[in-house]
Amino acid sequence: MLSKWLTSLEENGVKVETVIEKTELVEGDILNGSVYVTTLTEDEEDKIDYISLKVLCEEMDGELSIVGKHSFQLVGGIRSKDGEIIPFEIIPDERWVCGKDEQLILQTTVVFLDGVEIEEKGVITYSTIE
């Protein structure tokens, strides 16, 4: 079982990493983690409009349905020497229980002020207590 999970995106001189604490959630758990934003260039001007986290249920045919979401603008996260740290929590509900031919995905989308969007996805699991 993975204890942590990471996605990493780079674009426009900015690196965005999403780290979740647990990839295998059970009923009663909360999906939590942090988004780390690092500027890779000397240009300190804010380039990101917002960051969106979506929990998606993907069916076998590739169709996606949103079962949870969270978004934020970069206005008040925890700043460190190298960037910004934004903690998050998403509370699961019964929609997170996918069928046997479906999978649960966490998608990080970064939307830049110039309209460019980049995204990264990773698989997570959620199960109920029987």
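Source: prediction; values computed, not measured.
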Problem - Heavy-atom side-chain contact between Ile51 and Thr108 under 4.5 Å - result: yes
Practice task
List, by chain and then residue number, the residues other than Tyr50 in its hydrophobic cluster (Ile/Leu/Val/Met/Phe/Trp/Tyr, side-chain heavy atoms under 4.5 Å); write none if there are no others.
Solution key: Val111
Exercise for the section: Tell me, please, which residues at least two apart from Asp29 pass side chain to side chain donor-acceptor pair (under 3.5 Å). Expected result: Lys22
Practice task
Answer whether the closest heavy-atom distance between the side chains of Glu11 and Val116 falls below 4.5 Å.
Solution key: yes
Handout entry: Side-chain heavy atoms of Lys47 within contact of Leu113, under 4.5 Å
Key = no
Exercise for the section: Only pairs at least two apart or in different chains count here, so list each salt bridge (Lys or Arg N to Asp or Glu O under 4.0 Å) that has a residue in residues 102-115. Expected result: none
Problem - Closest non-hydrogen atom pair between Tyr126 and Pro92, with its separation - result: CE1-CB, 3.5 Å
Exercise for the section: Give the cluster check for Ile91 versus Val97: same hydrophobic cluster or not, with ILVMFWY residues linked at side-chain heavy-atom distances below 4.5 Å. Expected result: no
Practice task
Measure the shortest side-chain to side-chain distance between Leu53 and Lys69 over non-hydrogen atoms and say whether it is less than 4.5 angstrom.
Solution key: no
Practice task
Grab the two heavy atoms, one from Arg95 and one from Ile66, that are nearest each other, plus how far apart they are.
Solution key: NH1-O, 3.9 Å
Practice task
Could you verify whether a donor N or O on one side chain and an acceptor N or O on the other, from Thr109 and Ser52, lie under 3.5 Å apart?
Solution key: no
Practice task
Output every pair passing salt bridge (Lys or Arg N to Asp or Glu O under 4.0 Å) with a member in residues 52-66, not counting sequence neighbours, ordered by first then second residue.
Solution key: none
Exercise for the section: Output the distance between atom CZ (Phe72) and atom CD1 (Ile86), rounded to the nearest 0.5 Å. Expected result: 5.0 Å
Problem - Residue pair Ile20 / Leu106, side-chain heavy-atom distance below 4.5 Å - result: yes
Practice task
Kindly indicate whether the side chain of Val14, heavy atoms from C-beta on, has any atom under 4.5 Å from the side chain of Val37.
Solution key: yes
Handout entry: Closest non-hydrogen atom pair, Ile30 against Leu25
Key = O-CD2, 4.0 Å
Handout entry: Separation between CD of Gln103 and CG of Leu64, rounded to the nearest 0.5 Å
Key = 9.5 Å
Problem - Contact check, side chains of Val16 and Ile48, non-hydrogen atoms, under 4.5 Å - result: yes
Handout entry: For Lys15, all residues meeting salt bridge (charged side-chain N to carboxylate O under 4.0 Å, His left out), sequence neighbours excluded
Key = Glu17
Fill in the blank from the handout: For Glu117, the side chain to side chain donor-acceptor pair (under 3.5 Å) test, sequence neighbours excluded, returns none
Completion exercise
To the nearest 0.5 Å, atom OG1 of Thr128 lies from atom CD of Glu94 at 11.0 Å
Handout entry: Nearest non-hydrogen partners of Trp96 and Val67, listed with the distance
Key = NE1-O, 3.1 Å
Practice task
Supply the atom-to-atom distance Leu104 CG to Cys57 SG, rounded to the nearest 0.5 angstrom.
Solution key: 6.5 Å
Exercise for the section: Taking all non-hydrogen atoms of both residues into account, name the closest pair between His70 and Phe88 and its distance. Expected result: CD2-CB, 3.9 Å
Practice task
Identify the two heavy atoms, one from Leu31 and one from Val55, that lie closest to each other, and give their separation to 0.1 Å.
Solution key: CD2-CG2, 4.0 Å
